[in-house]
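One structure is given here, and the rest of the page talks about it.
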Amino acid sequence: MSNFSIEEQLKEATVQAVKDLFGAEASTEQIIVNDTRKEFEGDLTVVVFPFVKFARRSPQQTGDAIGAYLEEKFDFITGFNTIKGFLNLSIAYSHWLQIFNAICKEENYGQHPSTGKKVVLEYCGPNTNKPLHLGHIRNMLLGYATANILSAAGDEVHKVNIYNDRGTAICKSMLGWQKYADGATPESTGMKGDHFVGKWYVRYATEFGKEYKAWQETAEGQKVFEDWKQDEKAVKKTLKEIEAAKKKAKKEGKEIKAEDYTLQNYFFKKVYEQTYMNTYSKLGAETSEMLRKWEANDPEVRKLWKMNNDWVYEGLQETFDKLGVDFEKDYMESDNYLQGKKVVLKGLEEGLFYQKEDGSVWVDLEDMKLDQKLLLRKDGTSVYITQDLAVAENRYADYQMDDSIYVVGDAQAYHFQVLKGVLQKMGKPYADGIHHLGYGMVFLPSGKMKSREGDTVDADDLIAQMVEMARELTEEQGKVETLSKEEMEELYRILGLGALKYFILRIGAKKSFVFNPKDSIDFQGDTGTYIQYNYARSQAILRKYNSDDYKQAFSFDNGIEDLEKELIMLQYKYPSVILEAATNYDPSIVTVYAYNLAKTFSKFWSAHSILGNSDEKVTAFRVALTANNARIIKSALNLLGIEVPNRM
RNA sequence: GGCUCCAUAGCUCAACUGGAUAGAGCGUCUGACUUCGGAUCAGAAGGUUGAGGGUUCGAGUCCUUCUGGGGUCACCA
């Protein structure tokens, strides 16, 4: 790629100019090269302010001096002008053509040579007690696209998944099934496995709610509340919270039911639920009992557990396939949670951690501006972070990676800081390469998604809905009657998923956004569909041209059109766009690029005739431009996990 | 309260990591050749970049003080 990097050539030329003209040593890093703004003459612009002090002249004079020098010494520069300290340089169109000819010859244009860097990228991270929702979709699209982009930038990338396949939540879904399902299975009900299990998880929550509500009326429940009311400080704090919650609900335009905000109801709902679950609840006791049995390897419970999880895996795999994401390896929390304990004890032995009198193990991360963190409970069992330490270690044994990327919601930013901190303290070779790729939450118009209450956008539903919308729109417009039924179905899938993926990936990862299922996603304007449409039209041109004559090296005596040059400049940027997206772990850079490419091509399409030229060479050239553009659009969209249709 | 992320046109998002007059799409309004695909193209209107201060040739971008919002600060995962 670097052999035709025009920016580098220009930077080196400028360094030489500054040296010869002003006797000053500049480095290429100091030199800023931008695209020239459309309203000025020129292609590339050098910012001259950095050299003004060497030159001891005005920006205008400095720019003119450098410009004159460059124009004289370098053939590829054909003209210049200096405006307000910006040196605009015109690049010979023949030079752009050379670049274009070189791009056309490259097989995997955009793919960078190997960096030798190994990267493990973890994404998705489902629980085995419920199906995936919109948040997971954002996660998977980000993770999958980032992995592709890193590969294109030359890294060796391993995509892995981590299943949270044990613990209280999974016991709840198991218990829900055991108590209420009456032996039903996904097969017997025709339900997708993950939805089936999720159903019993929700059922558990409902039954627990009933039990809890009933208990609140009992003398025991009332006494708990009355006792708590004696604690003035706690009551005061809670009253404040209630006011805040009310205000918030009002702001979000939610209906306010007075009974939700009485002190008693709020106390039971928000303050006391966990305690009730652990002390009085029958269902809660059964859950803990099941968890204990699971940890003790009770055969019955393990069998139930395996059945529960296998149902979920099967269901999830279907969703992964539909979305087009994949994993090289699955890590299971259940395989790692015990090992984490050993890791911690070893660190304790080495004096990296300390033990409190009750036997719990802690790490002091205050020198990293983090807190004291618990690593092992007083009963010796592990917490969330303990198992992540083990997973990290196992992963290193598997891959010896330089970088580990965790695609996990922003809510866990603190957790990953701590994880990295602990691993650094332990002197692990992979610690510094840990990077948390966080992303903002997806909200519904009604607020946060709550899976326990079934208030979510289900991943499978959403995908189906998008495909359906693509169908309706296509039929409405009476398009592509020439396709067979299967081809049509395939097209709807490509269009629906393309719109969904583009819509989500074009938003910077850090931003939270509100997803409105009602007016959902556009198929017009800055959308995946627009770019796909662009590709389909290009294919139509190629079909019509129906020849390989465009595969040749071009040169013209009379120059080329501005839009043609603009397209070449954009196409030429593709590799550096990939690199930028990779260093920032940011797929949205690729979406923006793909859109610009499509937009510029659309302009070109309407401004010039591609096939109908008297000069066959011009036609061949424009077809070559079209083919190249289509190739890059396809490649860029594929990086994002978006497919392209040949007709639509 | 500590830490952290976010705030740009009515709405959804950009802005090449400090560069020129802040750009797109949606929505609104106006237009597009009997010729390559109108899911398109051309144009109009729409902005004190949440507020103030600072750093410098230059700030949406960096520093700082506020304001508003999200997240987090569990022997939950």
Side-chain angles (χ1 to χ4, degrees), chain A residues 32-37 39-40 45 47-50 52-53 58-59 83-86 88 125 127 164 166-170 248 251 274 333 356 358 360-362 369-371 373-379 381-385 387-388 409-415 417 438 440-441 443 448 470 473-474 476-477 479-480 495 503 506-508 510-514 516 519 521-527 529-530 532-534 536-541 543-545 573 576-577 580 583-584 588-589 591-593 595-596 599 602-612 619 622-623 626 647-648:
Chain A
I32 298 156
V33 176
N34 293 324
D35 293 348
T36 302
R37 294 181 72 105
E39 57 267 37
F40 302 111
T45 295
V47 182
V48 305
F49 288 109
V52 171
K53 17 182 195 316
S58 73
I83 295 164
K84 294 204 293 192
F86 296 88
N88 303 321
N127 296 341
N164 304 306
R166 50 145 237 128
T168 317
I170 282 87
K248 202 174 156 192
K251 215 172 136 192
Q274 194 67 42
E333 190 186 303
K356 283 194 180 172
D358 64 5
S360 56
V361 180
W362 294 72
K369 280 185 81 181
L370 302 165
D371 277 312
K373 295 303 296 182
L374 176 88
L375 297 178
L376 223 50
R377 296 192 185 104
K378 64 185 171 198
D379 62 6
T381 57
S382 54
V383 289
Y384 183 33
I385 192 155
Q387 41 214 0
D388 270 0
D410 266 338
Q412 296 191 37
Y414 179 68
H415 169 78
Q417 274 182 32
M441 301 191 81
F443 295 98
K448 225 179 192 173
L473 189 64
T474 308
E476 215 172 90
Q477 302 201 350
K479 289 239 168 193
V480 283
L495 293 181
F503 175 83
R506 71 189 259 275
I507 299 172
K510 287 281 173 204
K511 280 198 175 160
S512 307
F513 68 91
V514 176
N516 190 341
D519 45 52
I521 297 166
D522 272 326
F523 289 82
Q524 268 158 20
D526 183 1
T527 63
T529 315
Y530 174 90
Q532 288 168 325
Y533 176 65
N534 211 282
R537 280 152 117 201
S538 302
Q539 295 314 106
I541 291 281
R543 279 195 296 271
K544 206 156 231 172
Y545 186 71
K573 275 191 184 160
S576 61
V577 166
E580 196 197 337
T583 33
N584 292 301
S588 75
I589 291 173
T591 63
V592 169
Y593 172 76
Y595 178 65
N596 281 334
K599 195 171 164 59
S602 282
K603 265 191 207 176
F604 170 67
W605 172 287
S606 65
H608 301 288
S609 180
I610 295 174
L611 294 175
T619 297
R622 289 185 178 165
V623 172
T626 304
R647 296 169 208 263
M648 58 188 277

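Chain letters run A, B, ... following the sequence lines, proteins first, then strands; residues in each count from 1. Every value quoted in this text rests on a predicted model; they were computed, and no experiment measured them.
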> Is the closest side-chain donor-acceptor distance between A/E580 and A/Y593 under 3.5 Å?
Replying inline: no
> Is the shortest side-chain N/O distance from A/Q524 to OP1 or OP2 of B/A39 below 4.0 Å?
Replying inline: no
>> Whether A/R543 contacts B/C36 is assessed here as follows: a side-chain N or O lying under 4.0 Å from the phosphate OP1 or OP2. Is that the case?
In response: no
> Side-chain contact, heavy-atom cut-off 4.5 Å: A/K373 with A/I385?
Replying inline: no
>> Measure CG/A/L370 against C1'/B/G2 and give the value in whole Å, please.
In response: 12 Å
> Closest nucleotide of RNA chain B for A/Y384 versus for A/F604: which of these residues is on the 5' side?
Replying inline: A/F604
>> Heavy atoms only, 4.0 Å cut-off, all strands: where does A/D379 land among base, sugar-phosphate and nothing?
In response: nothing
> Taking A/R622 for the side chain and A/S609 for the main chain, is one N or O donor matched with an acceptor at less than 3.5 Å?
Replying inline: yes
> Contact class for A/A413 (heavy atom, under 4.0 Å): base, sugar-phosphate, or nothing?
Replying inline: nothing
> Would you say the side chain of A/D410 lies within less than 4.5 Å of the side chain of A/K510, judging by non-hydrogen atoms?
Replying inline: yes
>> Can you check the distance between B/A20 and B/C16, where both ends of the measurement are the C1' atom (answer in whole Å)?
In response: 14 Å
>> Assuming nearest nucleotide by heavy-atom distance, tell me which of A/N584 and A/F523 is located more 5' along RNA chain B.
In response: A/N584
> Is A/S609 touching bases, backbone alone, or none of the nucleic acid, heavy atoms closer than 4.0 Å?
Replying inline: base
> Hey, are A/T45 and A/T36 close enough side-chain-wise for a donor-acceptor pair under 3.5 Å?
Replying inline: yes
>> Under 4.0 Å, counting only non-hydrogen atoms across every strand here, what does A/A169 touch: a base, just sugar-phosphate, or nothing?
In response: nothing
> Taking A/R506 for the side chain and A/S588 for the main chain, is one N or O donor matched with an acceptor at less than 3.5 Å?
Replying inline: no
> Using atom P of each nucleotide, how far apart are B/C62 and B/A24 to the nearest Å?
Replying inline: 24 Å
> Across the strands shown, which category fits A/Q532 at heavy-atom distances under 4.0 angstrom: base, sugar-phosphate, nothing?
Replying inline: nothing
Show me the protein contacts with nucleotides 12-15 of chain B, counting only N or O atoms at under 3.5 Å.
residue: B/A14; atom: OP1; partner: A/G508; partner atom: N; Å: 2.7
residue: B/A14; atom: OP2; partner: A/K511; partner atom: NZ; Å: 3.0

> Roughly how many Å is it from CD in A/Q417 to P in B/C3, rounded to a whole number?
Replying inline: 13 Å
> Roughly, in whole Å, what's the span from CG in A/D358 to P in B/C75?
Replying inline: 11 Å
> B/A77 phosphate, OP1 or OP2: any side-chain N/O from A/R377 under 4.0 angstrom?
Replying inline: yes
> For B/U40, does the O4'-C1'-N9-C4 (purine) or O4'-C1'-N1-C2 (pyrimidine) torsion place it in syn, i.e. within 90° of 0, or in anti?
Replying inline: anti
>> Could you tell me if the side chain of A/L375 sits less than 4.5 Å from the side chain of A/W362, heavy atoms only?
In response: no
> Is A/I610 close to A/K544 at the side-chain level, that is, under 4.5 Å between some pair of heavy atoms?
Replying inline: no
>> With heavy-atom distances below 4.5 Å as the criterion, would you say the side chains of A/Q477 and A/F523 are in contact?
In response: no
> Between B/G69 and B/G31, how far is it from one C1' atom to the other, in whole Å?
Replying inline: 42 Å
If you restrict it to nitrogen or oxygen atoms, what contacts under 3.5 Å exist between nucleotides 19-23 of chain B and the protein, and what is each distance?
residue: B/A20; atom: OP2; partner: A/R37; partner atom: NH1; Å: 3.2
residue: B/A20; atom: N6; partner: A/T45; partner atom: OG1; Å: 2.8
residue: B/A20; atom: N6; partner: A/N88; partner atom: OD1; Å: 3.1
residue: B/A20; atom: N1; partner: A/N88; partner atom: OD1; Å: 3.3
residue: B/U21; atom: OP1; partner: A/K84; partner atom: NZ; Å: 3.1
residue: B/G23; atom: OP1; partner: A/R37; partner atom: NH2; Å: 3.1

> Any idea which of B/C41, B/C36, B/U40 is nearest the A/Y533 side chain?
Replying inline: B/U40
> What nucleic acid atoms does A/K544 come within less than 4.0 Å of, heavy atoms only: base, sugar-phosphate, or nothing?
Replying inline: sugar-phosphate
>> Would you compute the distance between atom OH of A/Y595 and atom CG of A/D526 and round it to the nearest 0.5 angstrom?
In response: 4.5 Å
>> Distance check needed: B/A74 P versus A/K373 NZ, whole Å only.
In response: 6 Å
> Can you check the A/M648 CE to B/G37 C1' distance for me, whole Å?
Replying inline: 10 Å
> Closer than 4.0 Å, any side-chain N/O of A/Y414 to the OP1 or OP2 of B/U72?
Replying inline: no
> Roughly how many Å is it from CG in A/D410 to P in B/C3, rounded to a whole number?
Replying inline: 18 Å
> Taking the same atom, P, in B/A39 and in B/C63, what whole-Å distance lies between them?
Replying inline: 47 Å
> Base, sugar-phosphate, or nothing: which does A/K573 touch, judged by heavy atoms less than 4.0 Å apart?
Replying inline: nothing
> Using the C1' atom in both, what is the distance from B/A59 to B/G54, to the nearest Å?
Replying inline: 11 Å
> Should the ring pair A/F513 and A/F503 be called parallel, tilted or perpendicular, given that the plane angle runs from 0 to 90° and is split at 30 and 60?
Replying inline: perpendicular
>> Please confirm whether the shortest side-chain N or O distance from A/W605 to OP1 or OP2 of B/G38 is below 4.0 Å.
In response: yes
>> Using atom C1' in both nucleotides, what's the gap between B/G71 and B/U64 to the nearest angstrom?
In response: 24 Å
> Do A/Y414 and A/D371 come within less than 4.5 Å of each other through their side chains, counting heavy atoms only?
Replying inline: yes
> Dot-bracket for RNA chain B, 5' to 3', with Watson-Crick and G-U pairs under 3.5 Å, [ ] for crossing pairs and | for other-strand pairs: what is it?
Replying inline: (((((((..((((.....[...)))).(((((.......))))).....(((((..]....))))))))))))....
> Going through the distances and angles, do A/D35 and A/K573 end up as a side-chain contact (heavy atoms from CB on, under 4.5 Å)?
Replying inline: CA-CA 11 Å; A/D35 293 348; A/K573 275 191 184 160; 2.3 Å; yes
> How close or far is atom C1' of B/G70 from atom CD of A/Q412, stated in whole angstroms?
Replying inline: 16 Å
> If you look at every heavy atom in A/F49 and A/K84, which pair is closest and at what distance?
Replying inline: CZ-O, 3.8 Å
>> Nearest whole Å is fine: how far is B/A74 C1' from A/L376 CG?
In response: 16 Å
